[in-house]
Amino acid sequence: MLVSHDRYFLNRMVTSIAELGPSGITVYPGDYDDYLVERAARRELLEAQARNQGEAHRRDRAVHRAFPLPGDQGPAGAEPHQMLERVERVEVERRTRGIRFAFPRRRAPAVGSRCFAPPQGVRRHVVYAGVDFEVERGERVALVGPNGAGKSTLLRLLAGVLPLDGGERALGAHVAAHYYAQHQVDALTPTLAVLEN
């Protein structure tokens, strides 16, 4: 399963598309282009069904209003207008511009102090202070924040690529930290060959 904004990539990689809408998740087989065609076809069909049902409903109500029959009973003793109300309506979802959600901010307890130590002679800029957390085996953590908030710095600190200015970084038993840089060229030695790197 993947999330991507790259249509070309999706067309090459996926075998189905899951669309999250107001009524839930709809799965479309095929690539992204297949999804767009099928979604448009389904929507046209639903809109036509809703139009036809609305017209039939209005026509039937007009007939029953124009020619009321005293004691006119349909199946199970229901009057015709009551029967019309029981017909399941075809609903067409309104087009949405997107799904909006927000993650509530949660402050970590102020235990310990960790910050990135700048080189000698450079003004000290604390990136993180009072950060304390644990990641248990099997947990997956998404690090979310605006550009420049220090996400990459925190990952480098956790991976041991950058030294801690204070506090500690402890790995559990049989845990090895690996780091793949956002800009991988930063982690390579340009003078070495590809195989040596």
Side-chain angles (χ1 to χ4, degrees), residues 1-109 128 131 133-155 158 180-184:
M1 178 179 265
L2 63 92
V3 175
S4 175
H5 297 283
D6 186 336
R7 181 176 182 162
Y8 177 73
F9 178 73
L10 287 173
N11 281 336
R12 288 185 320 160
M13 300 302 293
V14 303
T15 57
S16 62
I17 298 284
E19 178 186 62
L20 178 60
S23 62
I25 294 178
T26 306
V27 179
Y28 295 83
D31 62 21
Y32 188 76
D33 288 339
D34 295 333
Y35 152 74
L36 292 176
V37 170
E38 180 64 25
R39 182 182 65 170
R42 284 187 190 187
R43 184 167 185 86
E44 284 178 26
L45 178 64
L46 273 178
E47 287 173 347
Q49 288 174 340
R51 259 192 322 273
N52 292 340
Q53 187 182 56
E55 289 168 10
H57 188 73
R58 282 189 294 279
R59 191 174 48 247
D60 290 347
R61 286 184 77 81
V63 167
H64 290 299
R65 261 191 251 110
F67 306 105
L69 297 174
D72 183 11
Q73 298 287 313
E79 292 196 17
H81 70 276
Q82 291 173 323
M83 288 169 38
L84 288 173
E85 298 303 322
R86 292 185 186 152
V87 173
E88 188 174 332
R89 294 288 192 132
V90 176
E91 296 285 332
V92 180
E93 289 180 356
R94 291 184 294 123
R95 294 179 193 260
T96 57
R97 296 190 126 202
I99 298 171
R100 294 180 183 201
F101 56 89
F103 295 102
R105 291 187 176 214
R106 185 174 157 214
R107 293 199 172 263
Y128 293 103
V131 176
F133 67 91
E134 292 181 12
V135 177
E136 297 292 332
R137 183 179 303 278
E139 289 182 331
R140 289 171 174 81
V141 179
L143 192 54
V144 180
N147 289 342
K151 299 181 297 294
S152 296
T153 300
L154 179 59
L155 289 176
L158 294 174
Y180 189 87
Q182 179 178 4
H183 303 289
Q184 190 57 23

- Sequence neighbours left out, what passes side chain to side chain donor-acceptor pair (under 3.5 Å) with Asn11? Give chain and number order. Asp33

- Query: Which residues pass the side chain to side chain donor-acceptor pair (under 3.5 Å) test with Glu44, sequence neighbours left out?
  - Reply: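 For Glu44, no residue satisfies side chain to side chain donor-acceptor pair (under 3.5 Å) once neighbours in sequence are set aside.
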
When rounded to the nearest 0.5 angstrom, what distance separates [atom1] in [X] from [atom2] in [Y]?
{"X": "His57", "Y": "Gln53", "atom1": "NE2", "atom2": "CD", "value": "8.5 Å"}
{"X": "Asp34", "Y": "Ile17", "atom1": "CG", "atom2": "CD1", "value": "9.0 Å"}
{"X": "Arg7", "Y": "Leu36", "atom1": "CZ", "atom2": "CG", "value": "5.0 Å"}

- Message: On a heavy-atom basis, which atom in Ser16 and which in Pro29 lie closest, and how many Å separate them?
- Response: CB-CA, 4.0 Å

- Item | Smallest separation among heavy atoms of Ala18 and Ile25, with atom names | CB-CG2, 4.0 Å

- Message: Tell me if the CD atom of Glu134 is crowded by more than 12 foreign heavy atoms within 6.0 Å.
- Response: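 Count not over threshold, so no.
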
- Is the count of non-hydrogen atoms from other residues, nucleotides or ligands lying under 6.0 Å from Arg12 atom CZ greater than 12? yes

- Side chain proximity check, Leu143 to Leu154, heavy atoms < 4.5 angstrom: yes

- Just wondering, do Thr26 and Arg42 contact through their side chains at under 4.5 Å, heavy atoms?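 Yes, close enough: below the 4.5 Å cut-off.
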
- Query: Can we say Glu55 and Arg59 salt-bridge, meaning some charged N sits less than 4.0 Å from an Asp/Glu carboxylate O?
  - Reply: no

